[in-house]
Amino acid sequence: MATQDGSEEVIMETDAKSKEAEPLGEDAEKADAETTSHTDAENATTQDSSISNGDDADADDKREMVDLKIIWNKNKYDLKIPVDNTGAKLKESIHSLTGLPPAMQKVMYKGLLPEDKTLREIKITNGAKIMVVGSTINDVLAVNTPKEVIQQEVKAEENKKEPLCRQKQHRKVLDKGKPDDIMTAVKGTKERLPTVPLSGMFNKSGGKVRLTFKLEQDQLWIGTKERTEKVPMGSIKNVVSEPIEDHEDYHMMAFQLGPTEASQYWVYWVPAQFVDAIKDTVLGKWQYF
């Protein structure tokens with residue numbers, strides 16, 4: 001009941017306003033709860049994504065890697081690559097480092113590197129030095145014509161002549177017979193170059209000669225009792241070989257160091273299983289001649 005000054009009316013109005021405000025408080029709590037729920041869900045999604053990416057990175061880290069030293073054109077490059085990558089994959093990585101197309105690369109590690117085998121199968125270990133020889137297409141085209149002409153002239157001359165082993169200049173060496181300390185030969189087999197020098201052979205004068213293939217320097221070392229000639233492989237114009245008659249498991253071989261046959265350096269009693277590896281290493285399959 002209202003008093004004369006209206007105090008009861010004021011109290012009733014205040015209680016009514018408080019009761020009307022209560023639903024607003026409940027709605028605000030519900031809104032806060034929904035906002036918190038959405039935020040937690042987003043955080044959970046982000047956390048799951050982060051965990052997934054971390055698992056992928058861990059999987060990559062678990063791949064066994066090998067650190068290599070790539071040497072090309074007097075430059076050295078560091079390369080880290082999975083040990084189960086093939087030689088072909090290695091060439092692609094070298095392309096990324098040097099810009100040298102795989103088809104133009106001659107990659108060597110104890111001989112010419114096979115493309116179809118993995119680095120593990122080839123037994124490449126950490127710190128291994130990989131020698132790369134090759135030129136850009138423009139460089140190859142610039143020198144292609146002269147070498148092609150030389151190659152054709154050499155083949156034409158060979159076809160005109162009798163077998164090399166019957167020529168007088170070679171007979172005087174071959175008639176001395178097979179050296180006692182020559183390396184064992186295997187006919188009809190192709191092998192990679194050995195890790196040791198090829199020794200026990202004769203040169204044109206009948207003296208002992210050894211061949212050492214220094215892949216890191218891209219050089220062929222021709223050693224005799226008197227001296228060792230260090231010949232850049234890029235300067236060797238051609239390699240000629242022929243089986244020795246009645247001893248086909250051994251070859252006679254010439255390295256053409258200049259533009260004519262007069263510059264040929266002859267080596268006798270080269271084991272047949274290394275002939276193709278020597279030619280591939282010195283000339284390279286990548287050259288267009």
Side-chain angles (χ1 to χ4, degrees), residues 71 87 104-115 117 122 129-135 147-148 150-151 154-155 158 163-165 170 173-174 178-179 181-205 207-224 228-245 247-259 261 263-289:
I71 303 172
M104 305 297 291
Q105 297 175 22
K106 180 172 68 171
V107 181
M108 291 176 290
Y109 176 76
K110 297 180 181 179
L112 200 64
L113 190 79
E115 294 188 9
K117 292 186 177 181
I122 304 169
K129 296 180 179 179
I130 307 298
M131 183 69 191
V132 180
V133 179
S135 303
K147 287 192 175 184
E148 184 177 8
I150 292 171
Q151 180 77 356
V154 169
K155 288 184 177 180
E158 288 177 352
L164 295 171
C165 61
H170 302 303
V173 179
L174 295 175
K178 184 170 65 174
D181 57 346
I182 193 66
M183 298 178 70
T184 302
V186 182
K187 182 181 177 182
T189 302
K190 296 180 181 180
E191 295 183 10
R192 298 171 62 185
L193 290 177
T195 56
V196 297
L198 295 175
S199 60
M201 301 168 290
F202 288 145
N203 60 15
K204 193 173 182 178
S205 62
K208 286 295 182 69
V209 63
R210 64 184 178 277
L211 301 177
T212 305
F213 297 86
K214 292 290 185 178
L215 303 182
E216 294 179 10
Q217 290 85 16
D218 196 28
Q219 293 178 346
L220 168 62
W221 289 12
I222 304 175
T224 63
T228 298
E229 296 284 347
K230 300 180 180 180
V231 183
M233 291 189 193
S235 68
I236 300 175
K237 305 300 181 183
N238 191 31
V239 179
V240 176
S241 69
E242 180 183 287
I244 298 175
E245 198 169 37
H247 297 278
E248 282 76 12
D249 48 345
Y250 289 94
H251 283 225
M252 49 188 295
M253 177 176 287
F255 300 94
Q256 187 171 328
L257 308 180
E261 288 186 5
S263 64
Q264 289 178 332
Y265 188 97
W266 285 95
V267 179
Y268 304 86
W269 303 101
V270 178
Q273 68 268 29
F274 299 127
V275 169
D276 286 342
I278 291 173
K279 291 181 178 180
D280 288 344
T281 300
V282 173
L283 298 176
K285 293 181 178 180
W286 58 270
Q287 296 189 19
Y288 294 103
F289 59 78

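All heavy atoms count here, side chains included; hydrogens, waters and symmetry mates do not.
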Visitor: Can you see which heavy atom on Y265 is nearest to which on T224, and at what distance?
Guide: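 So the two residues come closest at OH-CG2, 3.8 Å.
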Visitor: Could you walk me through whether D218 and M131 pass the side chain to side chain contact (heavy atoms under 4.5 Å, CB included) check?
Guide: CA-CA 8 Å; D218 196 28; M131 183 69 191; 3.6 Å; yes
Visitor: Side chains of L211 and I222, heavy atoms from C-beta outward: is any pair under 4.5 Å?
Guide: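 Answer yes - side chains close enough.
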Visitor: Can you see which heavy atom on P232 is nearest to which on S235, and at what distance?
Guide: O-OG, 2.7 Å
Visitor: Any side-chain to backbone donor/acceptor pair from Q273 onto T184? Under 3.5 Å, distance only.
Guide: yes
Visitor: Answer yes or no: is there a side-chain heavy-atom contact under 4.5 Å between L257 and I236?
Guide: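 Of all side-chain heavy-atom pairs linking I236 with L257, at least one is under 4.5 Å.
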Visitor: Can you name the closest pair of heavy atoms from A185 and A272 and give their distance?
Guide: CB-N, 4.2 Å
Visitor: Evaluate side chain to side chain contact (heavy atoms under 4.5 Å, CB included) for L174 paired with M252, printing each intermediate quantity in order.
Guide: CA-CA 9 Å; L174 295 175; M252 49 188 295; 4.3 Å; yes
Visitor: What distance do K187 atom NZ and H251 atom NE2 have between them, rounded to the nearest 0.5 Å?
Guide: 9.0 Å
Visitor: Step by step, would you call V270 with S241 a side chain to side chain contact (heavy atoms under 4.5 Å, CB included)?
Guide: CA-CA 9 Å; V270 178; S241 69; over 6 Å; no
Visitor: When you compare the side chain of F202 with that of I182, does any pair of heavy atoms fall below 4.5 Å?
Guide: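 Not touching, per the 4.5 Å side-chain cut-off.
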Visitor: Taking the side chain as C-beta and beyond, is there a heavy-atom pair between I278 and L198 under 4.5 Å?
Guide: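 Sidechains of L198 and I278: in contact.
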Visitor: Is there a donor-acceptor contact under 3.5 Å from the side chain of E242 to the main chain of L164?
Guide: yes
Visitor: Decide yes or no on side chain to side chain contact (heavy atoms under 4.5 Å, CB included) for Y268 and H170, but give the supporting numbers first.
Guide: CA-CA 9 Å; Y268 304 86; H170 302 303; 2.6 Å; yes
Visitor: Closest approach of T281 and A277, non-hydrogen atoms and distance?
Guide: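 Heavy atoms only, the tightest pair is OG1-O, 2.7 Å.
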Visitor: In Å and rounded to the nearest 0.5 Å, what is the CH2 to CD distance from W266 to Q256?
Guide: 10.0 Å
Visitor: Do R210 and T228 have side chains that approach each other closer than 4.5 Å (heavy atoms only, starting at C-beta)?
Guide: yes
Visitor: I'd like to check N238 versus L283 (side-chain heavy atoms, cut-off strictly below 4.5 Å). Are they in contact?
Guide: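 Yes, close enough: below the 4.5 Å cut-off.
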Visitor: Just so I know, are the side chains of I122 and R192 near enough to count as touching, which here means a heavy-atom distance under 4.5 Å?
Guide: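 They are in contact (side-chain heavy atoms under 4.5 Å apart), so the answer is yes.
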Visitor: Enter the distance from Q264:CD to K204:NZ here, rounded to the nearest 0.5 Å.
Guide: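 NZ of K204 is found 8.0 Å from CD of Q264.
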Visitor: How far apart are the closest heavy atoms of P197 and M183, and which atoms are they?
Guide: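 Between these two residues, the closest heavy atoms are O-SD, 4.1 Å.
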Visitor: Once rounded to the nearest 0.5 Å, what's the spacing between atom CD of Q217 and atom NZ of K230?
Guide: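 With rounding to 0.5 Å, CD (Q217) is 8.0 Å from NZ (K230).
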Visitor: Just how far is it from atom CG of L112 to atom NZ of K279, taken to the nearest 0.5 Å?
Guide: 14.5 Å
Visitor: Are there over 12 heavy-atom neighbours, none belonging to K208, within less than 6.0 Å of that residue's NZ?
Guide: yes
Visitor: Which atom pair, heavy atoms only, marks the closest approach of V282 to K106?
Guide: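 So the minimum-distance heavy-atom pair works out to O-NZ, 3.6 Å.
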Visitor: Would you compute the distance between atom CD1 of I71 and atom CD1 of I130 and round it to the nearest 0.5 angstrom?
Guide: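 That separation rounds to 9.0 Å.
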